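Every chain is numbered from 1, with letters handed out A, B, ... down the list of sequences. Here the structure is a predicted model, which means the values were calculated and not measured.
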Amino acid sequence: MTFFSGRRLVLGSLALLCAGGLSIMPAHAAQNTKQFIEGFGKQLVAIVNSPVSLPEKKEKVMPLIQKNVDIDAIGRYCLGRYWKLATPAQQKEYLELFHQVLVNAITDKLGDYRGVSFTIGSVTKSGEDEAVEATLLRPQQPPATMQWIVNSATGSEKVVDVIGEGASLRLTQRQDYSSYIARNGGSVDALISALKRQIAHHTAAATQN
Amino acid sequence: MRLRPCGQAQDGQTRAGFSAYRRLISRSSFVALSALTLAGCSGLRTPPPKDPDALAEYKQANDPYEPLNRKIYNVTMTFDKWALRPVAKAYVWSVPRPVRNSLGNMITTMNEPSVFFNDVGAGKPRRAGDAFVRWCINMSVGIGGLIDVAKMAGYPHHDNDGGLTLANWGIPSGPYLFLPMGPSSFRDGIGYGIDQGLSPWNYVPRGYGLVSFNWAYNMLAIVQGRSAHLDELDALQRDALDPYATIRSAYQQQRKAQIEALKNDHRATVPLWYHVKNEQQG
């Protein structure tokens, strides 16, 4: 039959191969993302549950966060439309402060938990990123389900957001910052000095304890 | 946080003569309130900004009554700081966790009729069935809701309220509102009113101490609800630069997620244990 001429067959099988490859590739990526979150989560939980003191835990967690969380990307996202309006110097200073604020926010949580475990659920596509469902189990408390948003555009997987009870942390933070800036005459410097104050308060509170 | 106004809490003897007077008062106060709202709106409404980026932000926040909302927010938070939070802290300090959990179960169970009617209204018969079964099991075997037996039997609690039902009907949220009982919107505020109407506890007859029980139940629900969020709200007020905007953002996202979850809930008629049993047999 002319219908199955050689070229058609080749083209057809090529197309099939491509389609097959396309459908396999996301599944492969999802598997990687799942493994990434599993690995990151295991390391985090190991530190949280370890019998060392809180300052020691914080010290151990810091490099883990720096490695697995794309803090710069989150910082840029949180500044929203003011990122473009900020001068390069302001951007640089803001990102440095944002690093500290984010790390503080995470390490503050460490003391609250003991005997933690987690389970990983399904991986779904969320725009360009992937969302990994994870359930945190704490003794005597109801399980907390959250979604970790993982981006792998830079080549390696990095966490860019966490969604808990339907609220995205970075979006909530962005609306907090943009409202603060808007209420302070649209000045990014106002945000920068507020972040500085926040960090100073945090260190003061930490040294008091 | 849930507040339940209770119109029945009047003294029975003076009720007949009193009600006409009360109606007059409530009607005139309603007129005064609406006049005040209308007059206030012009000054309490933020005009849309001109800059396109700022306009996009304004639209996303969906909060044209921000000045008014911030005023209510400040009053609410002052009340919280000096009254509700200390009471909730004392409650957590004095009542052991198992007892608090049981009381929490009771409050959840007693809200189940409202969930049931909303599930029916949202056109989700299977969810409604679950709420109904939860109510029956917990009110009997669960000793008035103190023990969540239904959860052990494979009927975990799910939430629903009038705002979600309206959203399921395709009614848009309308502008954001901060009400004395917490963040809300035009739609969710109306939904809150519907929930009050759907709750059988607002129709208890006088006598037998039922009205007192209803009051105690409502106050307990408020304190219990607040005590469940002590750490979160403390952290939010400490860490957020603009707590009002943070609460607004989190609330709006959460409601959106709840609406999505309700729309996508196509649960099976049979409970979980039935599936498990069949799988084991098959």
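- Once rounded to the nearest 0.5 Å, the distance linking CG of B:D239 with CG of A:D108 reads 6.5 Å.
- Neither the backbone nor the side chain of B:E260 comes within less than 4.5 Å of any heavy atom of chain A.
- Annotation: B:E232, atom CD; neighbour count of heavy atoms from other residues, nucleotides and ligands within 6.0 Å is above 12.
- Annotation for A:Q66: atom CD counts as buried by contact number, over 12 foreign heavy atoms lying within 6.0 Å.
- More than 12 heavy atoms of other residues, nucleotides or ligands shown are found within 6.0 angstrom of NZ on A:K58.
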Start with the C-alpha gap between B:Q253 and A:I163, add the side-chain angles, then the distance that decides, and say whether side chain to side chain contact (heavy atoms under 4.5 Å, CB included) holds.
-> CA-CA 10 Å; B:Q253 293 180 59; A:I163 297 177; over 6 Å; no
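- Interface with chain B: from residues 172-203 of chain A, residues A:T172, A:Q175, A:D176, A:Y177, A:S178, A:S179, A:Y180, A:R183, A:L191, A:A194, A:L195, A:Q198 qualify, criterion being any non-hydrogen pair under 4.5 Å.
- Of the two parts of B:R255, neither the backbone nor the side chain holds a non-hydrogen atom closer than 4.5 Å to a non-hydrogen atom of chain A.
- B:A54 touches chain A through backbone and side chain together, each having a heavy atom under 4.5 Å away.
- For B:Q254, the parts lying near chain A are the backbone and the side chain together; criterion is any non-hydrogen pair under 4.5 Å.
- If you measure heavy-atom distances from A:L171 to chain B, the contacts under 4.5 Å come from both the backbone and the side chain.
- Heavy atoms of B:D51 lying under 4.5 Å from chain A belong exclusively to its side chain.
- Counting non-hydrogen atoms of neighbouring residues, nucleotides and ligands closer than 6.0 angstrom, the CD atom of A:E165 reaches no more than 12 such neighbours.
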